[in-house]
Protein chains: 2
Amino acid sequence: MSEHQHRAKPRKPSPARAAQEAKILAAAEEAFAHLGYNGVSLEAIAERAGLSKQNMLYYFPSKESLYHQVIRNILDLWIEKMALLEQEGDSPRDMLENYIRGKLEISRTRPNGSKVFANEIISGAPHLQEYMRNNLLPQLDSDIALVKSWIADGLMDPVDPEHLFFTIWASTQTYADFSTQIGMALGKETLDEGDFQRAGDFLVHVILKGTGLVEATP
Amino acid sequence: MSEHQHRAKPRKPSPARAAQEAKILAAAEEAFAHLGYNGVSLEAIAERAGLSKQNMLYYFPSKESLYHQVIRNILDLWIEKMALLEQEGDSPRDMLENYIRGKLEISRTRPNGSKVFANEIISGAPHLQEYMRNNLLPQLDSDIALVKSWIADGLMDPVDPEHLFFTIWASTQTYADFSTQIGMALGKETLDEGDFQRAGDFLVHVILKGTGLVEATP
DNA sequence: GTCTATACCCAGATAGAC
DNA sequence: GTCTATCTGGGTATAGAC
């Protein structure tokens, strides 16, 4: 064996290599989002990224490994934004509003990531079940505990905290995943910032008032 | 041309043939739901349906045609249930509660159909864009008009009706499409009736109260 | 209507020259 | 690191006997 042993992964990701990988990952995310894992060919991804299929396989030795990296990148972003509830000092209603608007912001800025994620979950999450169990669930548990403490303190209605989060996830991600359907219903090709603004206003109003975090204003 | 011209479709769907087709369609729906269009082979569907791939191609001459039929069946069910808001005589709050629980019921009883539908929308709905525009949107428009009349009559808060429906669709379908994730969060393999009951109670509470259809109860 | 055999194509991956 | 060439498997679909 050479003295330059390859560790787990990182050694010196040369700037050139990093740039190529980024281009490939971006192309792959978009392609996987629209066509699903089995619907895209390496050829198509490579073309979009501006290199040959064979050359791309130099950077990512298999389709699997490429997909895996795409999924991981998205999930890391997810979990990072998931901790929105953890900010000290804010009132419960501010925290929940920030959480909702933060989730919506991800849908607006990373719709393709959201779609890849959705495809993966619908398929039973074979690639990230373990990862979710280890990283996403602990975060969720602490968020749920926080909501339970609000309920115990009489700050909000005694709703199921789990279902509160399911609803927030679903109703924010839908603006990314189902944007085609929503666009059709709104009579436009793509959703603009105004649409997301109105979506946020609606969700914040209904969820805060609906959980009793904001008093009914007659 | 023979005198027995083949019309658009139906002539005499013999009972035997109808039964075979039903078996095939059921197998296909399940397979497409879990693996997506490109993720399933005809071989796999045929095996699940209990016949040979070649024999299945006798009933459905191509994969495309099979998929198309699966999608159509689901969408018809969707639109039928979409008219829940149209029942005369009920109060707005009863109508909306029925609508929410009806949608949830579809997620519980036809999760695979919901998943196929979700996959299709995420991919830009290439197979059913036209169909949705002609059948789903008119129904939605009339539902929206109804909600607007409630608002005009001062029966509920002046929220965006469009986003109300987007939220109801997303938050009910998530129990089918993302059942894997929700199951993980709830610590169980599959969702049972109690889970759907609690989901319904949560959604009805939050949405009715959040839109001002039910007064805040202190 | 159901079977066997097979044509045909496309996509993932590898080999090896440069 | 990038290219040309190629192997290989799997998947849709058809042909034709029974």
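Reminder, nothing fancy here: chain letters follow the sequence lines and each chain counts from 1.
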Hey, mind stepping through B:F166 and B:H163 against ring pair (Phe, Tyr, Trp, His ring centres under 6.0 Å) and telling me if it holds? CA-CA 5 Å; B:F166 301 155; B:H163 293 282; 5.5 Å; yes
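- One can place CD of B:E21 at 13 Å from C1' of C:dG1, the figure rounded to the nearest angstrom.
- Relative orientation of the A:Y67 and A:H127 rings is perpendicular, given thresholds of 30° and 60° on the angle between their planes.
- Rounded to an integer number of Å, the gap from CZ of A:F60 to P of C:dA11 is 21 Å.
- The interatomic distance linking A:E43 (CD) with D:dC3 (P) rounds to 12 Å, in whole Å.
- Of the N and O atoms on the side chains of B:Q69 and B:N73, at least one donor lies less than 3.5 Å from an acceptor on the other residue.
- Per the geometry, NZ belonging to A:K63 stands 4 Å off P belonging to C:dG12, to the nearest Å.
- Checking C:dA5, D:dT12, C:dG12 against every side-chain atom of B:S41, the shortest atom distance belongs to D:dT12.
- Considering only the side chain of A:N55, D:dT2 comes nearest among D:dA13, C:dA13, D:dT2.
- Residue contacts shown for A:L57 include a base, since a base heavy atom lies under 4.0 Å away.
- Atom CD of B:E64 and atom P of D:dA13 are 9 Å apart (whole Å).
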The test is side-chain contact (heavy atoms from CB on, under 4.5 Å); show your working for B:L51 and B:Y58 and say whether it passes. CA-CA 11 Å; B:L51 34 61; B:Y58 168 76; over 6 Å; no
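- Considering only the side chain of A:Y59, D:dG1 comes nearest among C:dA13, D:dG1, C:dG1.
- The CE atom of A:M56 sits 12 Å away from the P atom of C:dA11 (whole-angstrom rounding).
- For C:dG12, the base has a donor-acceptor partner in the side chain of A:K53 [N/O atoms by modelled type, under 3.5 angstrom].
- Between A:Y58 atom OH and C:dC18 atom C1' there is a gap of 15 Å when expressed in whole angstrom units.
- The closest donor-acceptor contact from the side chain of A:D192 to the backbone of A:G194 lies under 3.5 Å.
- A close approach under 4.0 Å does not occur between any side-chain nitrogen or oxygen of A:S52 and OP1 or OP2 of D:dT2.
- Using a 4.0 Å heavy-atom criterion, one finds that B:Q20 contacts the sugar-phosphate atoms exclusively.
- Of the candidates C:dA13, C:dA5, D:dC3, the closest approach to any side-chain atom of B:Q54 belongs to C:dA5.
- For B:S14, taking side-chain heavy atoms from C-beta onward, the closest of the listed nucleotides D:dG1, D:dA13, C:dG1 is C:dG1.
- Taking atom CG of B:N38 as the reference point, atom C1' of C:dA11 lies 12 Å away to the nearest angstrom.
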